[in-house]
Amino acid sequence: MLDQEHSHMGHGPLQSSAPTPPPVDISQDVPMHLPTEETQARAPGPTRSTTMDVNARSEQVDVPETPSDLLDQGPCEVERDPEGGLWFFLIDAVEDDRASPPRVYLFGKVKVRSGSAEAYRSCCLVVEKLERCFHLLLKVEDPSDYESAKIAANAAAVELETLRKEKFQNLKVIRSKLKYRNYAFEKPLGQALGNLPFLKVVCEAAGSVPPVGLAGDNFTHSFGIQASLLERLLLTRRLMGPSWYRLHPDSFKEEPARLSHCATEFRITPASIQVPKTETEKTQWNSRMPASSPPLRVLSVSLQTFQQTAQLSHEVLAIGCSLHPTVSADASASESDLENSRRTWAAIRRLDANPFPRDADKALAAGGFHSYNNELALLNAFLLKVQEFDPDVIAGHNVFSVDLDVLSSRLHQLKVQNWHRLGRLRRSKDRVPRNEGRQAQGFWAGTSLAAGRLVCDTALQAKDLLPKLGCYDLANLAKEQLGSTDVKIVEPEAIAEYYDSARSLLNLLQLKTVDAYCIARIAHSLQILPLTRQLTCLAGNLWNGSLQNKRAERNELLLCHEFHSKKFVLPDKESLSQKKRRLQIEGGQGISAGFDEPDEPEAQATGSRKGKVAYSGGLVLEPQAGLYDDLVMLLDFNSLYPSIIQEYNICFTTVDRPDENEVAKMTSEAQLLSQTREPDGAEEGILPQVLRRLVDSRRVVKASMKSEKNPKILQMLEIRQKALKLTANSMYGCLGFQNSRFHAKPLAALITAKGREALQSTKTVVQQELQLEVVYGDTDSVFVNSKTADFQKAMHIAEQIKRAVNKRYRRLEIEIDAVFVRLMLLKKKKYAALKVVNWEKKLFEQELKGLDIVRRDWCGLAKEMGEAILTKILDPNMNKEESIEWVHQFLSEQAKKMDDGQVPLDKFVITKGLTKDPKDYPDAKKQPHVQVALRLLSRGKQVRPGQEIGYVVCDTTGEGEGKSLLAERARDPHEMELDPTLCLDMAWYKKHQVHPIIARILGVVEGTSRGRIAECLGMDAAIFAQVVQHEEGEGLDFLSQYMDADPNALFDRSLRYKNFSSILDGVKCKKCGGTTPWQRLLTPSTGEEPKQAPPFTCKDCQAQIQPGVARNQWHRQLRQLVKQHCEGWVQPADQVAGTEKTRRANKGDNLVSEQTVKKELQFAAHLCESAALLTAEEDAALQTALARMKKDADAWMKIGCQHFIDCGQMFGAIFGTPLLGTLHQ
RNA sequence: ACAGGAAGCGG
DNA sequence: ATTACTATAGCCGCTTCCTGT
Ligand SMILES: [Mg+2]
Ligand SMILES: [Mg+2]
């Protein structure tokens, strides 16, 4: 395992070879709470009973509510080991280098004994007597000449002292000495890299620091001048993440002046922290270390905010908390650690100056809730609660971007003195950290406001851990992850109503409480704390960094630890201004720095991705599109890039490459690659070593998982395995990351180049050695057509390929990933397949990659239709003709459901993410999701970058101008419910959602066509529009036509139609299924049996018929009418195609005569006119629907009967040959 | 067809 | 009591849609 090979990789319990921590003994950690202030939480969901073999102790979970709670306030004795050493579990660290003396605060937990009971308490170690350390590269002829290096070192020391007296007297040098160190990074030294002589200078942290670029007569470069105190502490004391660390006996003491809010506090120096010197020493201490991590106290929070006006910032209205005193930082197989001693706390304030409703205070108190007169009192109560509970973890949904942002803003605005009680650092003299107008202030505020505690954002983590989810709001997450529908979204409009009664206030607080509880459960179920802890222990960064998903930071610290321990001088961290300055200097000397313009502040993200592409990545083979019936094998290199790093020994120390200045001057990638040479027989580099260790550890973990039965340990191994994989895989990406301290473009480019080479040669091997066809491949995989339907044969071939490829490499390894019984290959990165799970049992599994149906920016209806069709097409038991037949029928049915309004609203929602603040979009007017986001903002909802915006597309015909931008027709689904005049644009959904998706899928399928698909879907609106436009040359304003209508003329016509009996079906009621004729629906008071009923009601059940639904059915039936007329002329398939003449000659035989059509259309138009006059003008919903219905009828009449036949052709060939030319002789 | 913009899948 | 200050973000490849010329 990892730790066996690398002693410095930490000594946390999870590195030990016996990963079996005893169960956390909950009864020893006594929760703090005041019974009067907290309510015993009731789980909203079904309580989970543990069926697994959870140790007996978790049964006695209910901690007796003894007065021992009081012990937490009283004195307690911190437990020491027999020698007097102190074990400390590290959680967070903060640096304050402007204090005097400069300090680092280490926050964590210690074991205490109060009376006879054992428990854990928060602890702050205040580290003083810190040192800085920098290295000066000595100017020597021959670096390997030790004697001359010694002389140079002395000279440099003298020179430094002279410089100090002249320029930086405050530098307090403690000692300096000649040291040989390695250097292998991108900053050029003007000499060969390798083991070089440096003057190592150690100085007091309190003093000032020399300027960054310091150089002199005896030294050419300086390193580490700006390194932070915390970083040095982490590296020198080898602090590898959240684990137990031992303080030497008598190396820590208490001071009366407290600097933290922690239960215990000690002053220490860096040397107090024990660092095992040897492997045996480490093993010894590991066996004495506390066997498991301490239980963590988690406070999850849900804020209800609200906005007085759109200009003002959000205020805090109510706060719900869920308190969990014994959450495990290792894996947990059940929720028992979450449920132990769980409490809730919730409070609300007045909305405005008005008092709470009658009896509200009493009712709230009875429910265990608190009420306050204003925001200040509410916030103070919350801070008090936080301090009292002293959480190790504050969890929330969007806690960075929303909660902490709002809190810091309000604490600042209201000048709350106790703001720092949110964290563990006493800072009564400081002001609330607040950076108005800066971005990502939530992140900054988070680290600053809650110093000493972990901040866990479930939204942030869910995006990473559940990447396939479309929407990450709390309600959806609770549904998907917990199966809970308890989370309800509070719409801004509804807030005031909650203040109407004591009961509704209670409801609001209960909602917030449930939110908070769900947040805790989600964090638990995603195993956020255990996973981030593992990642942190592997990299040796801060836990809070891992909780923010800062991969680059993780990788950076991993490499810092690694190179530091191998006696390397580390590359300096470059600030933004330093980097700019360097690029200017270097760019100015060179030839314009190649492609990089002297560009000014960020050439603002092209696409949603920032910056341009710096070098080429993976190779993607051209797919041979089609539907495959033979077995296709998928072979895939496992962990391609980590393997390549090992295979070719790619490292800073091994690859001969251009330095950063030379790289900046490169004009092409070919040039870069030609000057980058892979090593030849060199010693194994650091990167390959690290990766080998990670990969080997993972192999061990996976092996032990096979025999492990205990679910809790299994879970822990699974998490560890995952962390190892994530760490290995993030190495390559960080090499190519421009802002990384270890950025090395030549190495990154070399790795991908080797990847392309591997794929290309694999393809060649398959084609030439095995004479097989590679139908596709992406970066690390090949799809090989086996040209057989015999599974055993295919597997045999696959094994052959595997052997042929693998014999070419040491570390690279290709494996058989899958055998597909069906494969539909559409485009690069887009395919659907049926994977063989068990050939004998004929068990298959669908695999969908990249298709529209896996993307959230297509509506659910279109995706579901696409998936249903795809399933049929891929079905190996299905006859091809049959499945096509089925598809056509399915499409027609679905289209009818759409028209009949039988498809629920949520199936029409399209989701798109905001990549920036809505205000920052340059052309917001053209983007539907931005428009909707702005509408949400104006309703008082919070909208932030990264948020998903769901919208639907409405038909806005009749509202203002004829043409309207798509973006203007997009609406939040919730608005549909608020405004009944809104109506989904079915024609748009058919044309722009359903049709494209279906057409692309069926594009490689025989026996259908785009036109046929369109026909099944009943798409014709587009053609109407074209036809009408062509004839009229302008749009028609149907609404104004109504206004001008002559009532008398209308009356005449009413008489004319008195006995007219329409053959149109009428509207089908969604409720009872009964059909109401159009005349009865639109003008109930006319017709043969006049009724005094309101319009738009069902004749059978009197239910309201939605105008939008009626219109869609109307549209469909008129179209059906014309189609029937046309089909009267369509010749049977076996006859020779007729000419126009022969069809016209048969006119009289048509079942639906031209006369009938004309009469029906006239009647239809008449009905609309009459109905419009009978309807109040204010009823916008009805008027709009009627306008659209009349437009439908008029559109057909405009085309005219002599053209119906030509239209008939259109039905079958909407997307085929040009239409308009043939329409009018 | 070109340009600009926006999506987020894939490895 | 008020003010100024700090700084972060894995990589690349590919398809599709919208608006405007
Ligand atoms: Mg792979
Ligand atoms: Mg792959």
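Quick caveat, the model's predicted, so the values are computed rather than measured. Residue numbering restarts at 1 for every chain, and letters A, B, ... go by the order of the sequence lines.
- Donor-acceptor pairing under 3.5 Å, judged by distance alone, is present between the side chain of A/Arg609 and the base of B/G8.
- Aromatic ring orientation, A/Phe908 versus A/Tyr989: perpendicular (interplanar angle above 60°, classes split at 30° and 60°).
- Within the 4.0 angstrom heavy-atom criterion, only backbone atoms of the sugar-phosphate kind lie near A/Ala552; the bases stay farther away.
- Listed pair A/Lys849 / B/G11 meets the phosphate criterion, a side-chain N or O lying under 4.0 Å from OP1 or OP2.
- Distance from the side chain of A/Ser616 is smallest for C/dG13 among the nucleotides B/G11, B/A6, C/dG13.
- If you check every strand for non-hydrogen atoms under 4.0 Å, A/Arg431 touches a base.
- Across all strands shown, A/Tyr641 has no heavy atoms under 4.0 Å from either base or sugar-phosphate atoms.
- Residue A/Lys828 places at least one side-chain N or O under 4.0 Å from the OP1 or OP2 atom of C/dC14.
- In the set C/dA9, C/dC14, C/dT16, C/dT16 carries the atom at the smallest distance from any side-chain atom of A/Lys830.
- Side-chain atoms of A/His929 lie closest to B/A6 of the nucleotides B/G11, C/dT19, B/A6.
- Among C/dG13, B/A7, C/dA9, the nucleotide with an atom closest to any side-chain atom of A/Arg855 is B/A7.
- Residue A/Tyr732 is classed as a base contact, given a heavy-atom separation below 4.0 Å to a base.
- If you take NZ on A/Lys763 and CG on A/Leu621, they are separated by 5.5 Å, rounding to the nearest 0.5 Å.
- Centroid-to-centroid, the aromatic rings of A/His743 and A/Phe185 stay 6.0 Å apart or farther.
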